[in-house]
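These notes concern the structure reproduced below.
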Amino acid sequence: MQEQKWLITGVSTGLGRAFAQAALAAGHTVVGTVRSEKDLRAFEELEPGHAHGRILDVTDGDAVSNVITEVEQSVGALDVVIANAGYGLEGTFEETPLAEVRRQFEVNVLGAVATLQAALPHMRRRRRGHLMAVTSMGGLMAVPGMSAYCGSKFALEGILALGKEVAQFGIHVTAIEPGSFRTDWAGRSMTRTAQSIDDYDELFTPIREARQKASGNQRGNPAKAGEAIVHITTVDQPPAHLVLGSDALRLVTAARTAVDEDIRTWETLSRTTDFAEGAQL
């Protein structure tokens, strides 16, 4: 396999770290972004000379652009860019403060947008490259108590329609949609809003407790997820959507079936809203 240059945001832990380790094991050079000097040193020690750390807050758009420009000049032309940095926000819709919702979108959506927008001009000029973003199975289905998180991932799924814009330039775009993996996502890394409205306790308390209990024992293997991501960079036609994990396959399929059922059930009513004649997209 020909050596590639990768950039992955958020490599200190979790799937970002697993993606980076898999790419390094495959012989690639990886630039990983972290939030502290300690994490930067730990990342670079994984593979001296091939693992390059950069400190970055993905919500700072100017900093994102500057880092990618600098990496292109000092490390080399980027072949693969993965917007991975993000976090989970748990809480019922009514109990989640607007400021927390806004922060969730700033990191999970705008941070990814800044990363992809900064990398795209370089790839467009070269007429090649692979852009990816980690959306989650929560970008294709939703569960109680995760409305802000799923909303951010649904938004990112829509933004990744950019793949239809850049295919003409030889650039691939993939939405990575993981299920539950054995990382800190549902544990230390999860932000949880306080339960303040008793009316939701009967529904939501068991869901929160089950997620906390499962943390650290999820079926998803991060190392195998990393291998899957490396694999799709080797094929001529990588997927626009890559669902990872058997739980994600089950839950996403059920959610899409439910949407299809609503469409079929209400098709007649849907058609009543047309003019008798007119243009269609």
Side-chain angles (χ1 to χ4, degrees), residues 9-10 14-16 57-61 64 82-117 131-164 173-181 183-187 189-197 199-200 203-208 210-212 215 220 240-245 247-263:
T9 61
L15 287 178
D57 176 354
V58 295
T59 65
D60 184 340
V64 172
I82 304 179
N84 165 76
Y87 70 99
L89 174 60
E90 183 189 76
T92 66
F93 176 82
E94 190 174 355
E95 293 173 310
T96 304
L98 182 58
E100 293 287 347
V101 176
R102 182 175 290 112
R103 177 63 180 170
Q104 179 82 126
F105 275 69
E106 287 175 348
V107 175
N108 289 5
V109 182
L110 298 182
V113 168
T115 302
L116 300 178
Q117 280 193 334
L131 297 172
M132 304 189 213
V134 179
T135 69
S136 158
M137 65 179 176
L140 297 174
M141 50 77 68
V143 295
M146 298 291 291
S147 60
Y149 175 77
C150 291
S152 73
K153 296 302 186 177
F154 267 76
L156 189 52
E157 285 279 343
I159 286 168
L160 292 179
L162 76 94
K164 298 175 181 179
V173 177
T174 298
I176 305 169
E177 296 141 348
S180 299
F181 277 77
T183 69
D184 286 336
W185 181 85
S189 298
M190 176 75 73
T191 296
R192 292 180 162 90
T193 62
Q195 290 179 251
S196 56
I197 303 173
D199 285 346
Y200 293 110
L203 168 71
F204 184 51
T205 297
I207 296 173
R208 173 171 276 181
R211 183 176 291 117
Q212 290 174 311
S215 181
H241 298 273
L242 182 63
V243 175
L244 296 176
D247 61 343
L249 287 171
R250 173 174 51 84
L251 293 169
V252 168
T253 298
R256 294 176 72 83
T257 299
V259 172
D260 289 344
E261 182 61 28
D262 272 350
I263 291 172

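Atom OG1 of residue T253 and atom CG of residue L140 lie 10.0 Å apart, to the nearest 0.5 angstrom. Rounding to the nearest 0.5 Å places CE of M146 at 8.5 Å from OG of S152. We find the CD1-CG distance between I176 and L244 to be 7.0 Å, quoted to the nearest 0.5 Å. The CD atom of Q117 sits 9.5 Å away from the CG atom of L110 when rounded to the nearest 0.5 Å. Distance CG/L160 to CE/M132: 11.5 Å, rounded to 0.5 Å. Separating the CD atom in E95 from the CZ atom in R192 is a distance of 14.0 Å, to the nearest 0.5 Å.
Side-chain atoms of E157 and E177, non-hydrogen and from C-beta on, do get closer than 4.5 Å to each other. Side-chain contact between V143 and R211: present, with at least one pair of heavy atoms (C-beta onward) separated by less than 4.5 Å. At a threshold of 4.5 Å between non-hydrogen side-chain atoms, the residues M141 and F154 do not count as touching. Contact of the L116 side chain with the L162 side chain is registered, since non-hydrogen atoms from C-beta on lie closer than 4.5 Å. Side chains of T92 and S147 form no contact here, defined as non-hydrogen atoms less than 4.5 Å apart. Using a 4.5 Å heavy-atom threshold, the side chains of V259 and R256 count as separate. A heavy-atom distance below 4.5 Å is not found between the side chains of L156 and N108. Counting heavy atoms from C-beta on, the side chains of Q195 and Y200 never come closer than 4.5 Å.
Here the closest heavy-atom approach between residue Y149 and residue L89 is recorded as CB-O, 3.7 Å. The heavy-atom pair separating N84 from G10 by the smallest distance is ND2-O, 2.9 Å. Here the closest heavy-atom approach between residue C150 and residue A142 is recorded as SG-CA, 3.8 Å. Considering every non-hydrogen atom in both P178 and A248, the closest pair reads C-CB, 4.3 Å. Heavy atoms only, all atoms of each residue included: R103 and Y87 are closest at CG-OH, 3.2 Å.
Of the possible donor and acceptor atoms, one in the side chain of D247 sits under 3.5 Å from a partner among the backbone N and O of S180. Looking at T59, its side chain never comes within 3.5 Å of a backbone N or O of V107 through a donor-acceptor pair. Judged by distance alone, the side chain of T9 and the main-chain N or O of A85 form a donor-acceptor pair under 3.5 Å. Side chain of T193 to main chain of E90: a donor-acceptor pair is present (N/O by atom type, distance under 3.5 Å, no hydrogens or angles).
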Check against side chain to side chain contact (heavy atoms under 4.5 Å, CB included), H241 and T174
CA-CA 6 Å; H241 298 273; T174 298; over 6 Å; no

